[in-house]
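Presented below is the structure to which this report refers.
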Amino acid sequence: MSVRYNFNIILLVIAGAFLGACQGQPFEDPPITIQSNMYWQEKYLPQEENDFFADNRADRQPPEGTIARGYLEDNSEYHYGLNEDGSFVEDNPVTLSRAFLERGKERYDIYCTPCHGALGDGGVVQDFGMNPMSLQSDLVRTMYTDGQIYSAIRNGVRTMPDYQYQTSVEDRWAIVAYVRALQRSQNATEDDLRRLDIDITDITE
């Protein structure tokens, strides 16, 4: 390998390093675009002034009843937990699965545990003078429908704030499903234990 060849290689490396160091340097002129297409299209940016309209706003009020794509809530049972007559739906409209329950547990642990406790008995904040409703109470367990629990999550109830902006529709139903699983875990019947192959005498003696 000749000395001249090695010298050329070194020059190429130095030139590449020099050019690389120049990348990203401030430049006041606009970039050169070979084919601008719609890059330089004439348009109004959000909240920009437009004297064409009497209020001088470029942003226009959408027509009444306009709904953004993906935000049409046309299923009352699923989105609001209500039947067509305004009563609460009895059962969770989402098909239950292990993944769905695990998602419900994850969301419950984040948003519900601080007040209602890991078991739903409200024991976490009892010592602070607060008394959130126990999700294990007979009232909630036997009288509240799934739609009623969903509504409490979505809209809030009494001193409990709403969580409709922190949770998606499906996540709320997942939380409802997990609350039901918690209730069943603390009020298991003998049939439930037999299905799990648990010897009743082991836990009663």
Taking [Y] as the starting point, is it possible to reach [X] by hopping between hydrophobic residues whose side chains are less than 4.5 Å apart?
X    : Y    : answer
I153 : M143 : yes
Y78  : V179 : yes
Y165 : Y150 : no

[atom1]/[X] to [atom2]/[Y] distance, rounded to the nearest 0.5 angstrom?
X    : Y    : atom1 : atom2 : answer
D55  : E49  : CG    : CD    : 10.5 Å
I175 : L182 : CD1   : CG    : 11.5 Å
R180 : Y144 : CZ    : OH    : 11.0 Å

Looking only at non-hydrogen atoms, find the nearest pair between [X] and [Y] and report the distance.
X    : Y    : answer
H116 : Y108 : CB-OH, 3.7 Å
P114 : D109 : CD-O, 4.1 Å
P93  : E77  : CG-O, 4.3 Å

Quiz prompt | S87 versus N83, side-chain donor and acceptor atoms under 3.5 Å | solution = yes
Quiz item: Out of V157, V140, T159, which one pairs with M133 under the side chain to side chain contact (heavy atoms under 4.5 Å, CB included) rule?
Solution: V140
Looking at [X] and [Y], would you say the former's side chain and the latter's main chain have a donor-acceptor pair under 3.5 Å?
X    : Y    : value
R60  : R57  : yes
S151 : Q148 : no
T142 : D138 : yes
H79  : N75  : yes
Q183 : L135 : yes
R172 : T167 : yes
W173 : N92  : no
E102 : A99  : no
Q136 : L119 : yes
T145 : V89  : yes

Which Ile, Leu, Val, Met, Phe, Trp or Tyr residues join [X] in one cluster when any pair of side-chain heavy atoms under 4.5 Å counts as a link?
X   : answer
L72 : I67, Y71
F88 : Y80, L82
Y44 : none

Practice problem: Step by step, work out the side chain to side chain contact (heavy atoms under 4.5 Å, CB included) result for Q47 and D59. | Solution: CA-CA 6 Å; Q47 301 188 23; D59 292 342; 3.5 Å; yes
Quiz item: Above 12 or not: heavy atoms from other molecules or residues under 6.0 Å from CD of E73?
Solution: yes
Quiz item: Does the pair R103/E106 count as a salt bridge with the N-to-O cut at 4.0 Å?
Solution: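 Answer for the salt bridge query: yes.
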Quiz item: Cation-pi between R107 and Y178: NZ/CZ under 6.0 Å from ring centre and within 45° of the ring axis?
Solution: no
Practice problem: Just do the side chain to side chain contact (heavy atoms under 4.5 Å, CB included) check on Y111 and Q166 with the steps written out, would you? | Solution: CA-CA 9 Å; Y111 298 112; Q166 295 94 326; 3.7 Å; yes
